[in-house]
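Report on one structure; see the data block that follows.
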Amino acid sequence: MRPVGSKYLLEEPLGRGATGTVWRARQRETAGAEAAVAGHPGEAVAIKVLKEELAHDPDVVMRFLRERSVLLRLTHPNIVRTRDLVVEGDLLALVMDLIEGPDLFRYLRQNGPFTPVATALLTAQVADALAASHADGIVHRDLKPANVLLATGPSGEMHPMLTDFGIARLADSPGLTRTHEFVGTPAYVAPESAEGRPQTSAVDIYGCGILLYELVTGRPPFGGETALEVLQKHLSEEPRRPTTVPEPLWTVIEHCLRKSPDQRPSAVNLARGLRTVAAGVGVHATPAQAEAALGVAALLAPDPAPAPVPGTAGHGAGAAGGGDADPTQVLPTGASAYDPNAQTAFLPSGGGPGGPDHAGATRAMPPVPPGPPVQGDGQDGEHPWQTQMRAARDRNEQTQVQYLDPEDDPLRRRPQRRPAPHQQQPAPYAPPPQPQPQPRREPRRRQEPQPRRYAPPPPPAPAPRREPRPRSANPMRIPGLGCLKGCLFTIVVFVLAAWLVWEFTPVQSWIAEGKSFWQATTDGIGEVVDWFSQLGQASEQLPDTSDIEVPDPGTGGGQ
C-alpha cells in the first residue's frame, strides 16, 4: 500500500491509460473543506495518478491548481464525480468515485455490438453528460469507449458514466505540445484537432458519432496500420453505412461525423434526436414514432454558440488557456511599430541598395518602349519581352531527326556532266559553216550543304531473356570436370547393375558358389592383377638374343 497525501491509501491498480494509472484506494480520514466530497474513513474511492512527465511540468501543475474549482463543481448523474485533487511533491492525483463495472471498450470486446435501440439510448445519456459540461464551458476532447464506465443500476440496467473530464486540458500544456503531439486517440480524434485548427465543443460531438458507429458495428469507422493513415482518413474519407444500421440512426451518425464542426449538432439536440430514433426503430414503435425517427435530421440543429477550447489556435489567452498556442508574430527589422494589417511594400523596379544604376540590380523584364505597341509578325499589341522569349525558344529548339534519301544528300550525290551540244553536219557541197562562238558557261554556284538529317535507327530487338543457370555447388571451374563426373556416374551405374545381376540371377551359383558379390569381385580383381604380374615376370626371363651368331649362308656352313 502507498499513501497519497494524508487522507488516501492506494491498494491495487485498476487500469493504465495514456495519462496515468487508476488505483483502487481507501480513504484514511475525512477530507477537509477543500474537497468537494468529505467522505468517511474506510470508504473505497478511485484515484488516478498522472504520469511523472505531467507532474514534472510546471505548466501542468499550474493548470491542475487552476482547474480545481472547475472540476470539483462538475456534477451530473452520467459523469464520474471528482472528489478531490492531490498535489504532493512530484505526484498529481485526482480522487474520484469508484465505479464497480467494466468500461465500454472491454464490454464491447467481450459481448459484441449493441442493438440499434440500446446504442441510441446509451449514447443519449453520454450526450446528456456532454451537454452539462459544455454548458459549464468544459470540453472533454477524448471521448472514446474506454472513458465510458458501465455502472449497474438498482434494477440491473446499465448506466454509462463518463470519466476523465479535464485530463485533456491538463495534458495539453506547452511543455508537451512541443513534441508535436495532439491530445486524444487517433481513431477518435476530430479533423480540426488533427489539423491544429480552432477546437470547440464540436470535437465531443464528433467523438459521439464514432462512439455510435463502434457500438452498433463493433469497430471504429476509420482504421489503418499507422496513426498517420488513420488521421488522413479522418480528414479526407467519409464513413460507409453498414447494412445493420437503420436509416434514422445512420442519419444521426452522419451528422455527427461532418468534417465541418459548424454542421454538427449540439449535445442537447443530439440527445433529443437519439431518443427519438430509439423510440422509432424498436419493435413496438408506432407509425407516428417511426415517422418521427425518419425525420430526425430536423432535430439535429448545430450549436449556435459552441464552447471554445482555451489554448488552441484561434483563441486568445485566457484564464485557462494561458495563450500557449498564440501564433508567433515576426516584427520587421528596424521597425518601431508593427501593423499586421498594413499594405505589403514592394521594392521599386531597378532599385536597390545602390540606386537605379547599381551594378548588382537584377532586371526582371525589359522596359516598355514609349509610343504605341509594336505591330509585327501578324500579332497586335505584342510585348517586347514576348518577342525575345519566342526568339530564345526558337534558338533552343532541338534538331528534328528524320529520314533523308541518300540521293538528296549533297555529300553523297555524284556530279552530273552536261551533254555536249549537238553539232549539225554541213550539207554536201556546201561551204563549211562559220564557227559559232561557244556560249559562256556560267560558273556553277556552290550549293550550300544541307544539314544532315537521318532517320533514327530502328530500336534494337529485345534480346531473349536468358534463364539463370543453376548455381553449381562447386564454385571452381576445373577443365574436364564434366567428363570426369560422367565417367564416375557410368562406373557407379555399371557396378550397381552388376550387383543386381549377381543377387537376382543364377550367375552367383555358376561363378562362385557361397561368395558375396564384393568378395567375388575382389577375388576376380586379384586374379587379374596376378595374371599381369606373371606375364611381366615371364617377359623378364626370356634369353637375350643379341649375342647369338648367325652363320653366313655364303660360306656353306658345312665345315
Side-chain angles (χ1 to χ4, degrees), residues 104-105 107-109 112-124 126-127 130 139-148 160 182 184-197 199-267 269-278 280-281 293-303 306:
L104 197 52
F105 178 80
Y107 187 89
L108 273 175
R109 296 302 176 269
F114 287 71
T115 63
V117 176
T119 299
L121 292 177
L122 189 145
T123 312
V126 175
L130 292 176
V139 182
H140 192 284
R141 297 177 63 191
D142 195 18
L143 182 60
K144 56 186 178 181
N147 287 336
V148 179
F182 60 89
T185 308
Y188 306 92
V189 70
E192 59 268 25
S193 301
E195 291 182 336
R197 291 183 290 157
Q199 302 173 31
T200 62
S201 56
V203 299
D204 290 344
I205 304 302
Y206 191 88
C208 278
I210 298 180
L211 182 65
L212 285 168
Y213 190 99
E214 188 170 1
L215 288 180
V216 78
T217 62
R219 57 180 177 82
F222 304 111
E225 298 180 358
T226 61
L228 184 61
E229 183 179 354
V230 177
L231 294 178
Q232 185 63 31
K233 291 183 178 180
H234 279 289
L235 296 173
S236 58
E237 293 188 7
E238 296 291 341
R240 297 182 179 179
R241 174 186 173 184
T243 56
T244 57
V245 179
E247 183 179 353
L249 183 58
W250 178 250
T251 302
V252 178
I253 296 175
E254 188 179 18
H255 277 70
C256 292
L257 295 181
R258 295 284 176 85
K259 303 301 180 184
S260 175
D262 298 335
Q263 299 178 358
R264 300 171 197 157
S266 63
N269 295 334
L270 176 61
R272 185 186 301 111
L274 286 174
R275 289 186 172 89
T276 303
V277 170
V281 299
L294 291 176
V296 69
L299 303 177
L300 304 176
D303 193 352

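Side chains are part of it too, since the values below use all heavy atoms of this structure and drop only hydrogens, waters and symmetry mates. The model shown is predicted, which means the values in this text are computed figures rather than measured ones.
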Can you name the residues that form a side chain to side chain contact (heavy atoms under 4.5 Å, CB included) with [X], not counting sequence neighbours?
| X | result |
| --- | --- |
| Pro302 | none |
| Ala301 | Asn269 |
| Leu108 | Phe114, Glu214, Leu215 |
| Thr115 | Val117, Ala118 |

Judged by atom type as modelled, is there a donor-acceptor pair below 3.5 Å linking the side chain of Asn147 to the main-chain atoms of Asp142?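 Present.
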May I ask you to decide if Arg258's main-chain N or O and Arg264's side chain share a donor-acceptor pair within less than 3.5 Å?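 Yes.
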Which residues pass the ring-ring contact (aromatic ring centres under 6.0 Å, His included) test with Tyr206, sequence neighbours left out?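 Checked Tyr206 against ring-ring contact (aromatic ring centres under 6.0 Å, His included); matches are His234.
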From CA spacing to verdict: side-chain contact (heavy atoms from CB on, under 4.5 Å), Val189, Val203: CA-CA 8 Å; Val189 70; Val203 299; over 6 Å; no
If I take atom [atom1] from residue [X] and atom [atom2] from residue [Y], how far apart are they, to the nearest 0.5 angstrom?
| X | Y | atom1 | atom2 | value |
| --- | --- | --- | --- | --- |
| Leu235 | Glu192 | CG | CD | 9.5 Å |
| Leu212 | Cys256 | CG | SG | 6.0 Å |
| Lys233 | Leu228 | NZ | CG | 11.5 Å |
| Leu294 | Thr276 | CG | OG1 | 11.5 Å |
| Cys208 | Leu257 | SG | CG | 10.0 Å |

Could you please spell out the steps behind the side-chain contact (heavy atoms from CB on, under 4.5 Å) verdict for Val126 and Leu143? CA-CA 10 Å; Val126 175; Leu143 182 60; 4.1 Å; yes
Do Ile205 and Asp303 pass the side-chain contact (heavy atoms from CB on, under 4.5 Å) test, and can you show the C-alpha distance, the side-chain angles, and the key distance before you say yes or no? CA-CA 10 Å; Ile205 304 302; Asp303 193 352; over 6 Å; no
Beyond-backbone contact of [X] with [Y], side-chain heavy atoms, under 4.5 angstrom:
| X | Y | value |
| --- | --- | --- |
| Val139 | Ser201 | yes |
| Arg219 | Tyr213 | yes |
| Gln199 | Pro261 | no |

Shortest non-hydrogen contact from [X] to [Y]?
| X | Y | result |
| --- | --- | --- |
| Thr251 | Ala297 | CG2-CB, 3.9 Å |
| Ile210 | Pro220 | CG2-CB, 4.4 Å |
| Val230 | Gly223 | CG2-C, 3.8 Å |
| Val296 | Gly273 | CG2-O, 3.6 Å |
| Leu211 | Pro145 | CD1-CG, 3.8 Å |
| Gly280 | Ala293 | CA-CB, 3.8 Å |

Does anything in residues 235-248 form a side chain to side chain donor-acceptor pair (under 3.5 Å)? List the pairs, not counting sequence neighbours. none
